[in-house]
Protein chains: 2
Amino acid sequence: MNKINIKYLARELNLAISTVSRALRDSHEISPETKAKVFALAKRLNYQPNASASGLRAQQTKMIAVVIPDMVNDFFSLVISGIEKVTQEQDYHILLYFTHGDHALEVSFINTLVNGRVDGVLLSITDENANNEHLEQLNIKGIPLVLFDRVNERMDNVKVTSDNYESAATATKHLIDTGCEKIAYLKVDRNIPVGTIRMNGYLEALEKHSKQKSPLILECPNDNDEAFTVIHKMLQSEKPDGIFASVEKLAVICYRVCEQIQLRIPEDIKIISFSNLQTAALLNPSLTTITQPAFDIGETAAKELLRIIKKKGSAKGDVVLKSRLIERRSTSK
Amino acid sequence: MNKINIKYLARELNLAISTVSRALRDSHEISPETKAKVFALAKRLNYQPNASASGLRAQQTKMIAVVIPDMVNDFFSLVISGIEKVTQEQDYHILLYFTHGDHALEVSFINTLVNGRVDGVLLSITDENANNEHLEQLNIKGIPLVLFDRVNERMDNVKVTSDNYESAATATKHLIDTGCEKIAYLKVDRNIPVGTIRMNGYLEALEKHSKQKSPLILECPNDNDEAFTVIHKMLQSEKPDGIFASVEKLAVICYRVCEQIQLRIPEDIKIISFSNLQTAALLNPSLTTITQPAFDIGETAAKELLRIIKKKGSAKGDVVLKSRLIERRSTSK
DNA sequence: CTGAAAGCGCTAACAG
DNA sequence: CTGTTAGCGCTTTCAG
């Protein structure tokens, strides 16, 4: 269990430590023969430079922190995949933190990061209205920060988001255009700002394009069975002919309710839903979905962050990525 | 953008660097007053020790690497959540790597890690039959390794898995016990060893408990539409009365096929499926699922790894965690 | 109780 | 072309 470090290589080859170091970095001031010898031994012993030492010396760790609410969630899984693609390409490493929606945890993580554990931070914040001294600390210490998806508009950092408002309006308009005259919006119970933004898009489209007298917004409990009950009751009493589900899970539950009360989709009622992994789409080939560019958000945010870290170009400029509306027709086989 | 390090604190307080260091570590050989002063300033300036420096000095990084195929997968999302719980409790950090099922990438990541970038590695291997020099390197360099889910039986490390074989047998027996006389197994196309292990459990249960003459194994393509077609054809021609889906996605597709050819579930045909996030269960409340203890696998593997890192107890002993069979009855409302 | 100094592994400025 | 040396920030002897 010998430690293979530069000192060891130098001793083995009867060279100075600095010569080995330079050879490994392919410096032009080292003779080809020496380089060859060094490379050969390094390869044979599978030498890897010690990350702590390089990091200390260079004052950079080649690591970025990714701080998200949690992972049991298709959206963030895809975001991470996008981030990972970039870090892999650019030889960076990902440190992963979950806040579990707890603002205090977010603060604690960020505080951990202010002194050079990472070169930059990608954050989807827990509480868009909380104060953000901890984030200011990052700015003060010169640690680049890029916000994505759940951002704080008051912060001055680069933000990468998707068009929740516009795509919700588009989705609603799509239902209107295909003939729906009474559209219900299934809202998630949890206090997620994105839920409100999407709702506003729904409201705007209704107002602009529909003759529907009043919006029909249903708050759906987090518990599946309770949500089932609530949706069941609403469908019976209100008899909407269109449903806009703000998250995929609600679309799936709604689908089951329709089945039970023998509503045909899409003949009797049309459903459209935000959806990332397309489980809902498996249900019924006629279900239309709006897919957030989750992977792209991760990829873009990571690229922005690394760009700032490497001090190429400016550190300003927000990015809003477009969601895709995917219409499916019954591929009757 | 001042660097807040020990030297800075020492200068501000007119103390020696070593005194500040000791005070921060709450050493008993520092006077209460000095400690108080140091703590106060450190808190005020939000001092955090530099991780690279501490790591270099102590020869430990407080980081573990988690190397998995990918993240777009409920199972691994839950595993990570379990790991994260442990690392958070024990003040460790997670470095995340995706192999994308590419053995060469796994080798490259592991090689990156052999020289002290992390204190230990959690790995779900890409190719259970490939050679494992790279993993031996970890052992040689004394970097603890715990394998989980996809393990190499020939390796001598701690392994954390779940009872794929037994739970598949249980699931099959469950179908037999509830009256199924012709049970089909929906196998995933991709060459995932776990698919074969589960299939063997199915075969064993058939042989032991059923009068079914021959097993009915259907290889399902990865593409959803193709899988639909294949399952559709099989249901028509073979008319099984029980389906065992090896993954949730296939259960969902199968459900849709049943709907199209007007098979009632569970009256005409019973479906049981491996499933982690219960999307399938939302479909039909009578769908019975087998849920792998994904979170537990992560939690257990992380605990084992940290135990080994901290050199408490032995480094041997595999863990096999039990899956849960969840039977659902139509909660007719 | 406090300070001076060495060294973790690496890189780079300075010498030759 | 190669070697000597200082120093990144921290902890820990060893001295006082």
Side-chain angles (χ1 to χ4, degrees), chain A residues 1-39 41-42 45-63 112-119 141-143, chain B residues 1-39 42 45-62 112-119 141-143:
Chain A
M1 197 215 130
N2 274 318
K3 298 231 166 298
I4 311 291
N5 51 28
I6 283 200
K7 194 194 281 186
Y8 180 86
L9 296 183
R11 218 171 23 217
E12 288 288 300
L13 295 165
N14 262 316
L15 287 169
I17 290 175
S18 57
T19 305
V20 176
S21 174
R22 272 182 284 234
L24 289 170
R25 325 203 91 238
D26 207 12
S27 159
H28 54 276
E29 46 182 355
I30 298 291
S31 75
E33 303 84 55
T34 307
K35 272 188 198 171
K37 277 197 298 184
V38 172
F39 280 137
L41 186 64
L45 298 178
N46 191 25
Y47 166 79
Q48 293 292 140
N50 179 290
S52 296
S54 317
L56 177 58
R57 178 65 232 244
Q59 300 285 38
Q60 56 143 347
T61 60
K62 289 271 191 180
M63 300 193 286
T112 288
L113 302 173
V114 291
N115 210 340
R117 183 176 280 283
V118 294
D119 297 344
K141 295 278 170 56
I143 298 176
Chain B
M1 197 214 132
N2 275 316
K3 297 230 166 301
I4 311 291
N5 51 29
I6 283 199
K7 194 195 278 185
Y8 181 85
L9 296 183
R11 219 172 19 218
E12 288 289 297
L13 294 166
N14 262 313
L15 287 170
I17 290 173
S18 54
T19 305
V20 176
S21 173
R22 273 181 285 234
L24 289 170
R25 324 205 91 238
D26 208 11
S27 160
H28 53 275
E29 47 181 356
I30 298 291
S31 77
E33 304 83 56
T34 306
K35 273 188 197 170
K37 278 198 295 186
V38 172
F39 281 135
L45 299 179
N46 192 26
Y47 166 78
Q48 293 291 138
N50 179 290
S52 296
S54 317
L56 176 59
R57 177 65 232 242
Q59 300 283 41
Q60 55 143 347
T61 60
K62 289 272 190 180
T112 288
L113 301 173
V114 293
N115 211 340
R117 184 177 280 281
V118 294
D119 297 344
K141 294 279 170 55
I143 297 176

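The sequence lines fix the lettering, A, B, ..., with proteins before strands; numbering per chain opens at 1.
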Donor-acceptor pair, distance only, cut-off 3.5 Å: does the side chain of [X] make one with the backbone of [Y]?
| X | Y | result |
| --- | --- | --- |
| B:N115 | A:P49 | no |
| B:D119 | B:Q60 | no |
| B:S27 | B:A23 | no |

query: When you match B:A16 and A:I6 each to their closest nucleotide on DNA chain C, which lands nearer the 5' end?
result: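 Its nucleotide being nearer the 5' end, the pick is B:A16.
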field: Closest non-hydrogen atom pair, B:L9 against B:A42
entry: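 Shortest heavy-atom separation between B:L9 and B:A42 comes out as CD1-CB, 4.3 Å.
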query: Which atom pair, heavy atoms only, marks the closest approach of B:I143 to B:G116?
result: CD1-N, 4.3 Å
Please check the phosphate of [N] (OP1 and OP2 only) for any side-chain N or O of [X] closer than 4.0 Å.
| X | N | answer |
| --- | --- | --- |
| B:T19 | C:dG3 | yes |
| B:Y47 | D:dC10 | yes |
| B:N5 | D:dG9 | yes |
| A:Q60 | D:dC8 | no |

Take the protein atom [atom1] of [X] and the nucleotide atom [atom2] of [N], then report the distance between them rounded to whole Å.
| X | N | atom1 | atom2 | result |
| --- | --- | --- | --- | --- |
| A:L56 | C:dA12 | CG | P | 13 Å |
| A:I4 | C:dC8 | CD1 | C1' | 17 Å |
| B:R22 | C:dT2 | CZ | P | 9 Å |
| B:L15 | C:dA4 | CG | C1' | 14 Å |
| B:L13 | C:dG3 | CG | P | 11 Å |
| B:L24 | D:dC10 | CG | P | 9 Å |
| A:N14 | D:dT4 | CG | C1' | 16 Å |
| A:Y8 | C:dC8 | OH | C1' | 19 Å |

task: Find out whether B:N50 and B:I6 are in side-chain contact, i.e. whether some heavy atom of one side chain is under 4.5 Å from a heavy atom of the other.
output: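 B:N50 does not reach B:I6 side chain to side chain.
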field: Residue pair B:N46 / A:V114, side-chain heavy-atom distance below 4.5 Å
entry: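 The answer is yes; the side chains approach within 4.5 Å.
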Which atom pairs link the protein and nucleotides 5-7 of chain C when you take only N or O atoms and keep those under 3.5 Å?
{"residue": "C:dG7", "atom": "N2", "partner": "B:R57", "partner atom": "NH1", "Å": "3.4"}

message: Over all strands shown, is B:R25 touching base, sugar-phosphate only, or nothing at heavy-atom distances under 4.0 angstrom?
response: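 Counting heavy atoms under 4.0 Å across all strands, the contact made by B:R25 is with sugar-phosphate only.
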field: From OG1 (B:T19) to NZ (B:K37), nearest 0.5 Å
entry: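 Going from OG1 on B:T19 over to NZ on B:K37, the span is 10.0 Å.
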- request: With a 4.0 Å heavy-atom cut-off, tell me which residues in residues 27-37 of chain B come close to DNA chain D, sorted by residue number.
  value: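 Within residues 27-37 of chain B, no residue comes under 4.0 Å of DNA chain D.
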- prompt: Would you call B:K35-B:D26 a salt bridge at under 4.0 Å N-O?
  reply: yes
